[in-house]
2 protein chains.
Amino acid sequence: MKKYLDILSRCPLFNNINEENLLVMLDCLGAKIIAFDKKYTIFADGHPAKFIGILLSGAAQITRVDYYGNRSILSGIEPGDVFGEDFACAEVSSLPVTIISTEPCEVMLIDCGHILHTCKNNCGFHQQLIFNLMKNLATKNIMFHQKIEITSRRSTREKLLTYLAYQAKKSGSNSFDIPFDRQELADYLEVDRSGLSAEISKLRNEGIIESNRKHFELI
Amino acid sequence: MKKYLDILSRCPLFNNINEENLLVMLDCLGAKIIAFDKKYTIFADGHPAKFIGILLSGAAQITRVDYYGNRSILSGIEPGDVFGEDFACAEVSSLPVTIISTEPCEVMLIDCGHILHTCKNNCGFHQQLIFNLMKNLATKNIMFHQKIEITSRRSTREKLLTYLAYQAKKSGSNSFDIPFDRQELADYLEVDRSGLSAEISKLRNEGIIESNRKHFELI
DNA sequence: CTCCGTTTGTTGAAATTTCAACAGACTTAT
DNA sequence: ATAAGTCTGTTGAAATTTCAACAAACGGAG
């Protein structure tokens with residue numbers, strides 16, 4: 001467990017909990033670490049939503065596939081990100097999304113019941129954990145607001161430009177890489193891939209962006 | 001304050017806090033009650049996100065208006081619902097949405113700073129409040145998942161049918177009223193109003209739904 | 001370095017959505 | 001009850017998106 005302390009201490013879920021106490025707490029919570037290959041389903045749609053996941057290394061995505069096979073990507077997951085906590089904390093009976101690894105990765109799993117239903121008053125760190133979970137959920141809420149702002153735009157061009165503006169802001173530069181390939185970006189923006197490629201070309205010809213594969217630059 | 005105890009006790013934020021303690025706590029938190037007329041801006045886009053709102057009576061909506069004047073409705077707010085807590089808890093500097101009353105209404109306002117930054121350990125009810133806030137945020141997260149599931153559908157028809165299926169489930173019947181007029185429904189589904197009206201007529205002609213204004217019935 | 005599978009860009013046709021404009025139904029105020 | 005204003009449904013044209021198919025570019029394996 002110790003080798004993960006570095007990434008865990010950067011996880012917002014463990015803010016204000018020092019390393020020593022963190023190890024004790026993780027033990028008490030029954031935290032497990034599991035490794036997954038690339039393109040492996042970490043949590044499957046329809047299964048119980050008991051566990052909170054924390055990505056320790058690699059990369060993953062939250063996706064949903066509808067009736068007709070259209071994939072929708074809700075968000076990418078990077079090391080230090082928490083996933084599944086919204087469903088586990090809301091105690092929904094089954095997951096409406098699938099979490100899938102896009103790179104080989106390591107995941108820490110914590111049974112959310114241990115957080116919600118036990119030791120509620122006698123442990124200071126447990127209170128801090130609830131508080132951190134609350135802050136984390138609020139932040140995730142903001143992320144969904146942004147996703148909705150992006151996808152609520154009516155045209156492919158507007159969706160793309162809104163997304164790129166957020167990515168530029170996030171990276172702190174007008175030159176940045178995105179975590180999606182074309183098909184994934186289309187599935188995140190909820191648009192057609194070929195139309196998205198065409199729109200990227202158009203923006204490039206108009207001198208509004210420079211781009212090459214996953215690299216973009218706003219002019 | 002006492003006249004609102006009934007609705008407050010049904011607010012998820014105050015679960016497991018009895019009425020007597022609730023009154024003391026609200027006083028301690030400096031809760032205020034304000035009345036608004038219809039079509040009044042309760043929280044304005046761009047303003048600080050300090051307050052948590054609880055709708056006591058009437059109705060309101062969370063909306064966003066873009067660049068070009070397109071309105072997007074993120075959700076309706078009913079009595080007992082909490083709003084603004086996501087932004088206040090995430091401590092964003094300014095609100096990215098506007099909360100607007102659609103009926104005359106009464107709102108309880110609580111400065112979120114009082115919840116996040118004071119009295120963190122010495123008050124049992126305060127801990128319960130944080131816990132409730134966490135659950136509430138998780139539930140709101142699920143709501144956004146549903147909104148995204150609805151609007152990520154590619155056609156007006158699919159968006160509408162997905163929305164109606166959720167409303168039917170929520171009401172527990174295939175016959176129900178929706179809280180939006182046509183323009184509002186279009187702004188919630190992120191589609192064109194006239195196209196939406198046309199689609200509703202089509203579904204009616206095909207015998208898939210019955211509808212009259214805000215009343216719908218799935219066949 | 002070459003081959004092969006994958007990703008990206010391009011294109012034209014079909015389907016859908018948006019836009020603008022208007023008429024009829026409904027609601028509210030007087 | 002009437003009038004004014006709002007909401008809903010309808011329509012055709014314009015714009016956009018989706019779909020299918022293919023070619024070019026890229027990247028990894030051997």
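Just the heavy atoms: all of them, side chains too, but no hydrogens, waters or symmetry mates, feed the values below. Residue numbers begin at 1 in each chain, while the letters A, B, ... track the order of the sequences.
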Output the rounded distance in Å from CG (A:Asp181) to C1' (C:dT6). 10 Å

Taking the nucleotide of DNA chain D with the closest heavy atom to each, which residue, A:Asn212 or A:Asp192, is nearer the 5' end? A:Asp192

Below 4.0 angstrom from OP1 or OP2 of C:dT10, is there any side-chain N or O of A:Ser197? no

Measure CD/B:Glu158 against P/C:dT17 and give the value in whole Å, please. 10 Å

How close or far is atom P of D:dT16 from atom CG of A:Leu160, stated in whole angstroms? 15 Å

Distance check needed: C:dT18 P versus B:Asp66 CG, whole Å only. 13 Å

Quick one: A:Asp187 CG to D:dT18 P, roughly how many Å, whole number? 11 Å

Which word best sums up how the rings of B:His145 and A:Phe87 line up, parallel for under 30°, tilted for 30 to 60°, or perpendicular for over 60°? tilted

To the nearest 0.5 Å, atom CG of B:Leu218 lies from atom OG of B:Ser175 at 9.0 Å

Do the charged groups of B:Glu149 and A:Arg64 touch, with an N to O distance under 4.0 Å? yes

Of C:dA25, C:dT17, C:dT11, the nucleotide closest to the side chain of A:Ser194 is C:dT11

Would you please confirm or rule out a distance under 4.0 Å between OP1 or OP2 of D:dT18 and any side-chain N or O of B:Arg154? yes

Does A:Arg182 have a side-chain nitrogen or oxygen under 4.0 Å from the phosphate oxygens OP1 or OP2 of C:dG9? yes

Can you tell me the distance, in whole Å, between the CD atom of A:Glu199 and the P atom of C:dT10? 12 Å

Round to the nearest Å and state the distance from B:Leu185 atom CG to D:dT8 atom C1'. 12 Å

Taking the minimum atom-to-atom distance to the side chain of B:Arg193, which one of C:dT11, D:dT8, D:dC26 wins? D:dT8

Check every atom of C:dG9, D:dA25, D:dG9 against the side chain of A:Arg213 and return the nucleotide holding the closest atom. D:dA25

Would you call A:Arg71 and A:Glu190 a salt bridge, taking side-chain N to carboxylate O under 4.0 Å as the test? no

What is the distance, to the nearest angstrom, from the CG atom on A:Leu196 to the P atom on D:dT16? 16 Å

Look at the aromatic rings of B:Phe144 and A:Phe144 and report parallel, tilted or perpendicular, splitting at 30° and 60°. parallel

Has B:Thr156 got a side-chain N or O lying under 4.0 Å from the OP1 or OP2 atom of C:dT17? yes

